[in-house]
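Heads up: the structure comes next, in structure tokens.
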Amino acid sequence: MTESVRWHVAALATDELPAYVYDLAKLREHAAAVRAALPDRVELYYAAKANPEAPVLAALRGAVDGYEVSSGGELAHVRAAVPDAPLAFGGPGKTPTEIAAAVAAGVHRWHVESEQELHRLAAVLAQQPDTVVDVLLRVNLPVSTGALDAVALAMGGRPTPFGLDPDRAEACVRLLTGDGPLGRQLRLRGVHAHLASGLAATEQLAVAEQIVGWSAALAERHGFPLDEVNVGGGMAVDYEDPAARFDWTAFGDGLAKLLGAHPGLTLRIEPGRALTAYCGWYATEVLDVKRSHGEDFAVVRGGTHHLRTPATRGHSQPFEVLPVDAWPHPWPRPAVTTGRATLAGQLCTPKDVLARAAEGANGLRTADRVLFTMAGAYAWNISHHEFLMHPRPGFHYLGD
Ligand SMILES: *Cc1c(COP(=O)(O)O)cnc(C)c1O
């Protein structure tokens, strides 16, 4: 944890826990380092679904070129939080109302997911004959990570509700180019693909090369200029090793080489998790420690209804302990003595586990504070807050 987070959490009253604490100075620094590692012709968009808190969006504004939104709700929210920022609008199942709102908002790029969506978009635009929008076709391509493993992991190219199969993408290109009926108000700028998540830099590069290679061949076949390729997000975040970071320098160098082979092309990436995961902490305190059939359990204030990440991913959320030495009560202070403990929340379900059999919990005492780290992405905003009606956490933004 950073010094400012440590001091801040130590000063909170017990009733102010649990709390989400964000270090926005650290976030700005991290995002600036990511930006600096990327070549000029790579645009950095932030996938808002990872963490759409307004102060987080605003803190990123200096380092990102824009934001990727995937619903009408995100569109309105991000527009209000960072009014001047370019937006890319993606996601399956866009409703006619969302499409109209996004046209009115002047969305910068449309990630079109299906043939019907092209028609829906064209139908809305027909009401405004002077409006022209920029389109990337989202494709679902079979690619491999190129790892030296005997079995290269196939990404994309499998049945999903996302994007267009390669043959349907060809059909969309025909609708948009030449004498195609939809080309007047829809300008085809290139291709979008988000095919994998959790890939290290070498594998991400292998995937990006295949997406660009396929897109260049598509453009060549149909004779349209390939201006842009968005190769998606999914840069690895390693919850088992909180100190590890995606190798942005190697990734940036690799993208520069790729761009060298495609003059005139702009690349775009849209990471979420790898930008914000490290800037957030979920801070709480130990309410009770109990031995259950030979194993220690530490029950903390809050739980997976606030921080669902470990439950959805099936991992142990990394944490640090902030010891609290004062113990004002006349009864014995329960503590972990078996060398490890499972950190559970207050919910009446065995699924409410934040960290399982964690050795870092040895010696943990009731009233000690625990800060779950890497809680800045897919944390509060994916959690089932209403379940069991416990109070909501506080939200604190440091370094603003
Ligand atoms: C979720 C998503 C992202 C971000 O993925 P991360 O794993 O958070 O980097 C980017 N693009 C699209 C289309 C997505 O759905």
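For ligands, and for the atoms within them, numbers begin at 1 and follow the listed sequence.
- Every atom of ligand 1 with a heavy atom of G233 under 4.0 Å away is listed here by number and element: 9 (O), 10 (C).
- Ligand 1 lies out of reach of A274, whose nearest heavy atom is not under 4.0 Å from it.
- Distances shorter than 4.0 angstrom occur between a heavy atom of P271 and an atom of ligand 1.
- A cation-pi geometry, defined here as NZ or CZ lying under 6.0 Å from the six-membered ring centre and within 45° of its normal, holds between R268 and Y45.
- At least one N or O atom of Y378, backbone or side chain, sits closer than 3.5 Å to an N or O atom of ligand 1.
- Neither the backbone nor the side chain of H111 comes within 4.0 Å of ligand 1, counting heavy atoms alone.
- With no hydrogens or angles considered, no side-chain donor-acceptor pair links Q210 and W214 at under 3.5 Å.
- Between F162 and ligand 1 there is no heavy-atom distance shorter than 4.0 Å.
- Considering E117, H194, E113, H111 as possible partners of R138, the one that fulfils the side-chain hydrogen bond (donor to acceptor under 3.5 Å, both in side chains) test is E113.
- Cation-pi geometry between R245 and Y278 is satisfied (NZ or CZ under 6.0 Å from the ring centre, within 45° of the ring normal).
- Here the closest heavy-atom approach between residue D288 and residue P334 is recorded as OD1-CG, 4.1 Å.
- Checked by distance only, ligand 1 and S197 stay at 3.5 Å or farther apart across all their nitrogen or oxygen atoms.
- Among W281, F372, F395, Y22, the single residue meeting the ring-ring contact (aromatic ring centres under 6.0 Å, His included) criterion with W380 is F395.
- Geometrically, ligand 1 and R273 share a nitrogen or oxygen pair separated by less than 3.5 Å.
- Taking any N or O of R138, backbone or side chain, none lies under 3.5 Å from an N or O belonging to ligand 1.
- Taking every heavy atom of both residues into account, D238 and A244 meet most closely at CB-CB, 4.4 Å.
- Considering backbone and side-chain N/O atoms, G232 never comes within less than 3.5 Å of an N/O atom of ligand 1.
- Heavy atoms of E270 found under 4.0 angstrom from ligand 1 belong to the backbone as well as the side chain.
- The contact set between ligand 1 and G272, taken as ligand atoms under 4.0 Å from a residue heavy atom, comprises 4 (C), 6 (P), 8 (O), 9 (O).
- Residue Y67 comes nearest to L60 through the heavy atom pair OH-C, 3.8 Å, listed as atom of the first residue, atom of the second, then distance.
- If you check which protein heavy atom lies closest to atom 1 (C) of ligand 1, you get K49 NZ, 1.3 Å.
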